[in-house]
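One structure below.
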Number of protein chains: 2
Amino acid sequence: MVDRLRQHITGILGRAPENLSLVLSRFEPMRAKRGDHLLQEGDVCRYAYFIVEGCIQVYVIDARGHESTREFYVEDQWVTDIFGFQNQTPSTEYIKCIEPAGLLRISHASFQEMCATVPEFASMYRQILEVSYNNTVYRVNTLTALSGLDRLRWFYDHKPRLRNRLPSRLIASYLGLSPETVTRLKAKL
Amino acid sequence: MVDRLRQHITGILGRAPENLSLVLSRFEPMRAKRGDHLLQEGDVCRYAYFIVEGCIQVYVIDARGHESTREFYVEDQWVTDIFGFQNQTPSTEYIKCIEPAGLLRISHASFQEMCATVPEFASMYRQILEVSYNNTVYRVNTLTALSGLDRLRWFYDHKPRLRNRLPSRLIASYLGLSPETVTRLKAKL
DNA sequence: CAATCCCGTTGACAATTGTCAAGGAATCAA
DNA sequence: TTGATTCCTTGACAATTGTCAACGGGATTG
């Protein structure tokens with residue numbers, strides 16, 4: 001699994017950093033089953049996860065007990081509760097595997113150490129932060145500016161792989177719609 | 001105006017960095033009138049702005065020509081199109097003054113230079129990025145998980161200052177509701 | 001001061017979306 | 001295979017929200 005992370009890091013930085021093997025040594029491989037939680041609301045996020053294989057859902061539970069999905073993450077992406085991870089404070093979100101997953105996880109202490117001692121690692125982290133922030137900004141704008149139908153169109157156009165990979169129910173929870181509404185909107189396309 | 005930025009930086013870092021005066025020298029004071037745009041869709045964002053005084057709206061325009069507000073920023077906050085600023089790519093958003101404003105702006109080149117040569121500046125930027133990302137994540141979750149009424153409650157509870165500072169029309173555009181709907185929801189509180 | 005404009009409000013109505021219930025297809029385990 | 005479960009779909013109905021139009025107050029301008 002570490003090979004995939006090596007290629008990921010090299011790809012982002014454009015070259016392999018000197019201390020790459022040191023960085024890689026701080027990651028611990030793990031497997032998770034479908035339905036396993038990596039984090040629950042109220043818990044402190046101890047790890048950041050690099051996804052080698054599988055699909056991860058980040059969501060909250062609303063007042064009526066329904067899941068509301070903030071984001072899905074797949075191969076070659078990172079997932080964690082960034083703010084809670086950095087500040088070691090309780091999370092407001094759940095992180096769950098919706099497919100069997102192969103992951104590489106790094107602890108808070110190791111992450112801090114790598115940021116402080118390997119400049120390329122800090123640089124990579126910054127880039128990932130910027131891209132993640134940008135994606136989330138974009139998501140806010142689609143949620144407030146687009147109708148349900150246009151949000152579904154947007155999802156199909158911009159996330160074709162997830163479309164085939166996710167059950168309709170989860171797509172609905174990502175778009176802020178009920179499963180029934182998504183069924184009906186699909187008929188209009 | 002620079003004094004306010006000095007205190008802001010010192011406050012975030014817990015102490016004044018050695019090169020503080022160098023950092024401050026890279027900021028250029030400016031004033032903007034109500035209605036002035038700092039950035040328009042399609043333009044490349046040349047500056048990051050620190051707000052000394054005033055209120056800034058970041059928004060997009062939807063298919064029907066309506067403004068849809070992503071965020072408001074006020075005194076002691078930073079505003080820019082982060083991704084476009086860092087990558088010097090065209091923006092999808094508008095940035096507009098909704099009050100007369102006093103600003104300190106830093107160019108892309110100076111920002112890069114400060115990040116590279118003043119570690120405290122890079123650290124501060126990272127912290128701001130993390131907090132901004134976290135706020136935006138929170139915003140996605142309120143938009144998808146809460147009803148219109150609960151979003152209005154949330155806004156009143158969490159943004160009491162903005163409540164008194166913003167016209168109702170702009171609050172509506174922030175919550176993803178029509179002005180009429182906000183009027184009616186207000187009557188329920 | 002009067003005229004104008006912007007904004008918030010209200011009403012009537014339409015469109016969108018959610019909820020509840022039921023049925024059927026697909027999946028999974030025994 | 002059988003039974004159980006989950007998920008998608010559909011229908012009926014209710015709730016929410018948007019649109020359009022009109023009214024009136026408050027601010028601004030001439």
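Values below: all heavy atoms of this structure, side chains included; hydrogens, waters and symmetry mates excluded. Lettering follows sequence order; numbering is per chain, from 1.
Legend: residues meeting ring-ring contact (aromatic ring centres under 6.0 Å, His included) with B/Phe83, ordered by chain and number and at least two apart, are absent.
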Are any protein N/O atoms closer than 3.5 Å to N/O atoms in nucleotides 8-10 of chain D? If there are, list each pair with its distance.
from  : atom 1 : to       : atom 2 : distance (Å)
D/dC8 : OP1    : A/Ser168 : N      : 2.5
D/dC8 : OP2    : A/Arg169 : N      : 3.3
D/dT9 : OP2    : A/Thr183 : OG1    : 2.9
D/dT9 : OP2    : A/Lys186 : NZ     : 3.1

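Put simply, the side chain of A/Asp62 gets close to the backbone of A/Arg64: a donor and an acceptor are under 3.5 Å apart.
Residues B/Gln57 and B/Glu67 have side chains that bring a donor and an acceptor to within less than 3.5 angstrom of each other. Defined by atom type and a distance below 3.5 Å, a donor-acceptor pair is present between the side-chain atoms of A/Tyr94 and A/Glu41.
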From CA spacing to verdict: salt bridge (charged side-chain N to carboxylate O under 4.0 Å, His left out), B/Glu113, B/Arg26: CA-CA 10 Å; B/Glu113 185 198 342; B/Arg26 301 304 166 115; 2.5 Å; yes

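Using a 4.0 Å cut-off between charged side-chain N and carboxylate O, B/Glu75 and B/Arg165 make a salt bridge.
Taking CG of B/Leu170 as the reference point, atom CG of B/Leu175 lies at 11.0 Å (rounded to 0.5 Å).
Residue A/Ile98 contributes atom CD1, which lies 15 Å from atom C1' of D/dT6 at whole-angstrom precision.
Chain B approaches DNA chain C over the interval C/dC7 to C/dA12, counting the first and last nucleotide 5' to 3' with an atom under 4.0 Å from its heavy atoms.
The aromatic rings of A/Phe72 and A/Tyr174 sit tilted, their planes meeting at an angle between 30° and 60°.
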